[in-house]
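To start, the structure under review is shown below, and the notes come after it.
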Amino acid sequence: MGEGGGRRKFLEPFRGEVPDVPPIWLMRQAGRYLPEYRALRAEAGDFLTLCYTPKLAAEVTLQPIRRYGFDAAILFSDILVVPDALGQAVRFAEGEGPRLDPIRSTDAVGRLDLARATAKFDIVAETVARLRQDLPAETALIGFCGAPWTVATYMVQGQGSADQVEARLWAYRDPDGFEALIALLVAASIDYLDRQVRAGADCLMVFDTWAGSLPDDEFDRWVVAPTRAIREAVRDLHPDVPIIGFPRGAGATAVWYVSETGVDGIGCDTATPPFVMSEAFDEEDVVVQGNLDPLLLVAGGDRLDERVDEILDLMRGKRFIFNLGHGIVPQTPPENVARLVARVRGQG
Ligand code: 1CP
């Protein structure tokens, strides 16, 4: 943990404290809803160039901190940096989302290379190091990776998909072959997260956006087991650095996910009712984070205030971090974000 870590409000819930006002940050708090992001993105041209240029990636990370003073900054990068670094070229076509040449065999997994990935991981670590210098001392810095299952869904499908069919079928038809891909991603994620912490990240988050597409037995093998392996390895290396898991769509299985993986924080998605969020994890030693609907942040107005108050009331007295239930969407009016932050802090 970086110097000054003791003063970071964001970390208090992980130390067993319950601040009167919960810490707040938002998933995708840097991004297209901010005019200053769009300007910098146009300058960088390609999205991955932005991710691999420490000066620019650090600047994008800082933009929402300057505007809103969030309690945590999240490294600006993407979960698909890992497959790109491993040698499966990733392209971000304008307005289309990511494109990759699909990997569907053990041979193709064998052509990926963790040793060569570290050069690109180090570029990201350089962004983290810059940020730790440039961020206000009271702002925590969150590093992250995609969970092996979610990253694999993009690697196997070759793009984003609604139902992750290709990865799910490969996992059923050839579990040992698919396991080779997951094992490589576990090793790569551990190495990547370790470099981020050594460069100055105070907390880590593992995004499992597509955890909810798996039935329980497959969930255990492809979501829980890899996340536990990452959690254990990173805890051995950095016992004081908390990890937040985000098994989006896990529903009632989220409690099982917490107890089996040992994550220190649980990100609740939009579909989790706040009264469940406030009680379901009472038996677990875990900080709860969530879960305002990102579209309510687009709509704004009284409904936004009412829902924020409802979540705050239900989570009072808990170890809680205010966040959305999924990332900010591009059409979000920046002034609604300011309104949300003020409301959570009792200033609006
Ligand atoms: O055109 C642009 O400017 C790119 C849009 C964009 C941005 C702003 C992408 C492409 N990635 C990001 C940043 C990003 N992605 C962050 C930065 C930190 C932050 O402010 O939160 C993080 C943490 C992510 C993580 C990420 N990328 C996830 C997991 C979280 C989630 O939102 O579910 C996933 C699934 C991705 C893949 C991805 N990257 C980008 C897009 C458009 C997508 C989704 C593709 C799809 O499923 O179709």
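This structure is a prediction, so every number in the text was calculated from the model and none was measured.
A salt bridge links Asp101 with Arg91; the closest basic N to acidic carboxylate O contact falls under 4.0 Å. Comment: Asp240 does not engage Arg15 in a salt bridge, judged by the lack of any side-chain N to carboxylate O separation of less than 4.0 angstrom. The pair Arg132-Asp202 counts as a salt bridge, with a side-chain nitrogen and a carboxylate oxygen less than 4.0 angstrom apart. Ion pairing between a basic and an acidic side chain is recognised when a charged N comes within 4.0 Å of a carboxylate O; Arg111 and Asp107 show no such pairing. By the 4.0 Å N-to-carboxylate-O rule, Glu36 lies close enough to Arg67 to be salt-bridged with it. Salt-bridge annotation for Asp236 and Arg231: absent, with no side-chain N of the basic residue lying under 4.0 Å from a carboxylate O of the acidic one.
Checking side-chain atoms of Asp208 against main-chain N and O of Trp149 turns up no donor-acceptor pair under 3.5 Å. For Gln164 (side chain) and Ser161 (main-chain N/O), a donor-acceptor pair under 3.5 Å exists by modelled atom type. A donor-acceptor contact shorter than 3.5 Å links the side chain of Thr261 to the backbone of Tyr257. Counting only distance, with no hydrogens or angles, the side chain of Asp293 and the backbone of Thr270 share no donor-acceptor pair below 3.5 Å. Between the side chain of Asp174 and the backbone N or O of Gly177 there is at least one donor-acceptor pair closer than 3.5 Å. Looking at Lys9, its side chain never comes within 3.5 Å of a backbone N or O of Ile24 through a donor-acceptor pair. Listed for the Asp269 side chain is no donor-acceptor partner under 3.5 Å among the backbone atoms of Gly325. Between the side chain of Asn291 and the backbone N or O of Thr272, at least one donor-acceptor pair lies under 3.5 Å. Put simply, the side chain of Tyr68 gets close to the backbone of Pro334: a donor and an acceptor are under 3.5 Å apart. Glu284 places no side-chain N or O within donor-acceptor distance of the main-chain N or O of Ile266, the cut-off being under 3.5 Å.
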Note to self: Apply side-chain contact (heavy atoms from CB on, under 4.5 Å) to residues Ser213 and Arg168 and explain how you reach the verdict.
What the structure shows: CA-CA 9 Å; Ser213 65; Arg168 287 163 59 199; 4.0 Å; yes
Next item on the list: Might you work through the side-chain contact (heavy atoms from CB on, under 4.5 Å) test for Phe178 and Arg173, ending with a clear yes or no?
Entry: CA-CA 9 Å; Phe178 188 67; Arg173 288 175 176 152; over 6 Å; no
Check: Passes side-chain contact (heavy atoms from CB on, under 4.5 Å), Leu56 versus Leu40? Steps please.
Finding: CA-CA 8 Å; Leu56 298 183; Leu40 216 136; 3.8 Å; yes
Next item on the list: For the pair Trp256 and Glu260, evaluate side-chain hydrogen bond (donor to acceptor under 3.5 Å, both in side chains) and give the outcome as yes or no after the intermediate values.
Entry: CA-CA 6 Å; Trp256 168 253; Glu260 291 298 305; 5.7 Å; no
Margin query: Before you tell me yes or no, could you show the steps for Met155 and Leu80 under side-chain contact (heavy atoms from CB on, under 4.5 Å), namely the whole-Å CA-CA distance, both residues' side-chain angles and the distance that decides it to 0.1 Å?
Written below: CA-CA 9 Å; Met155 295 175 81; Leu80 299 178; 5.8 Å; no
Item checked: salt bridge (charged side-chain N to carboxylate O under 4.0 Å, His left out) between Arg130 and Asp134, intermediate numbers included -> CA-CA 6 Å; Arg130 251 176 197 275; Asp134 294 350; 5.0 Å; no
Notebook entry, point to check: Could you go step by step and tell me if Asp122 and Arg195 meet the salt bridge (charged side-chain N to carboxylate O under 4.0 Å, His left out) rule?
Noted result: CA-CA 7 Å; Asp122 280 336; Arg195 281 167 210 266; 3.0 Å; yes
Next item on the list: Tell me, with the steps shown, if Arg228 and Asp220 meet salt bridge (charged side-chain N to carboxylate O under 4.0 Å, His left out).
Entry: CA-CA 10 Å; Arg228 180 173 53 230; Asp220 270 354; over 6 Å; no
Check: Between Asp305 and Arg339, is a salt bridge (charged side-chain N to carboxylate O under 4.0 Å, His left out) present by the stated rule, with each step listed?
Finding: CA-CA 8 Å; Asp305 293 347; Arg339 180 179 180 132; 2.8 Å; yes
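Here the closest non-hydrogen pair linking Val156 and Pro102 is O-CB, 3.4 Å. Leu185 and Val82 make their closest contact through CD2-CG1, 4.0 Å (heavy atoms, listed as atom of the first residue, atom of the second, distance).
Inter-residue side-chain proximity for Phe320 and Ile311 is flagged as met; some heavy-atom pair is nearer than 4.5 Å. Looking only at side-chain heavy atoms (C-beta outward), Pro22 and Met315 stay at 4.5 Å or farther from each other. Looking only at side-chain heavy atoms (C-beta outward), Asp71 and Thr139 stay at 4.5 Å or farther from each other. Annotation: side chain of Leu214 is not in contact with side chain of Arg221 (no heavy-atom distance under 4.5 Å). In this structure, Phe92 and Arg99 have side chains that are not in contact, with every pair of non-hydrogen atoms separated by 4.5 Å or more. Using a 4.5 Å heavy-atom cutoff, the side chains of Leu169 and Val165 are in contact. Side-chain atoms of Phe121 and Leu114, non-hydrogen and from C-beta on, do get closer than 4.5 Å to each other. Using a 4.5 Å heavy-atom threshold, the side chains of Gln88 and Ile103 count as touching.
Remark: Asp285 CG is loosely packed, at most 12 non-hydrogen atoms of other residues, nucleotides or ligands lying under 6.0 Å away. Around CD of Glu335, the count of heavy atoms belonging to other residues, nucleotides or ligands within 6.0 Å exceeds 12. Within a 6.0 Å radius of CZ in Arg303, no more than 12 heavy atoms belonging to other residues, nucleotides or ligands are found. Counted within 6.0 Å of CZ on Arg66, heavy atoms from surrounding residues, nucleotides or ligands total more than 12; the atom is thus considered enclosed.
Hydrophobic clustering places Leu312 together with Leu26 (ILVMFWY residues linked when any side-chain heavy atoms are closer than 4.5 Å, directly or through intermediates). Grouping the Ile, Leu, Val, Met, Phe, Trp and Tyr side chains by contacts below 4.5 angstrom, directly or via other members, places Leu314 apart from Leu304. Taking hydrophobic clusters as Ile, Leu, Val, Met, Phe, Trp and Tyr residues chained together by side-chain heavy-atom distances below 4.5 Å, Leu100 shares a cluster with Tyr52. In the hydrophobic cluster analysis, where Ile, Leu, Val, Met, Phe, Trp and Tyr join through side-chain heavy atoms closer than 4.5 angstrom, Val224 is grouped together with Val255.
For the atom pair Thr53 OG1 and Glu43 CD, the distance stands at 10.0 Å (nearest 0.5 Å). In this structure, Leu48 CG and Ser77 OG are separated by 8.5 Å, a value rounded to the nearest 0.5 Å.
Aromatic pair Phe322/Trp25: centroids not less than 6.0 angstrom apart. Between Tyr37 and Phe76, the ring center distance clears the sub-6.0 Å criterion.
Phe207 and Phe144 have perpendicular rings, their planes meeting at more than 60° on a 0 to 90° scale where under 30° would count as parallel.
Looking only at atom types and distance, the side chain of His238 has a donor-acceptor partner in the side chain of Asp194 under 3.5 Å away.
With a 6.0 Å cutoff to the six-membered ring centre and a 45° limit on the axis angle, Arg248 counts as a cation-pi contact of Trp210.
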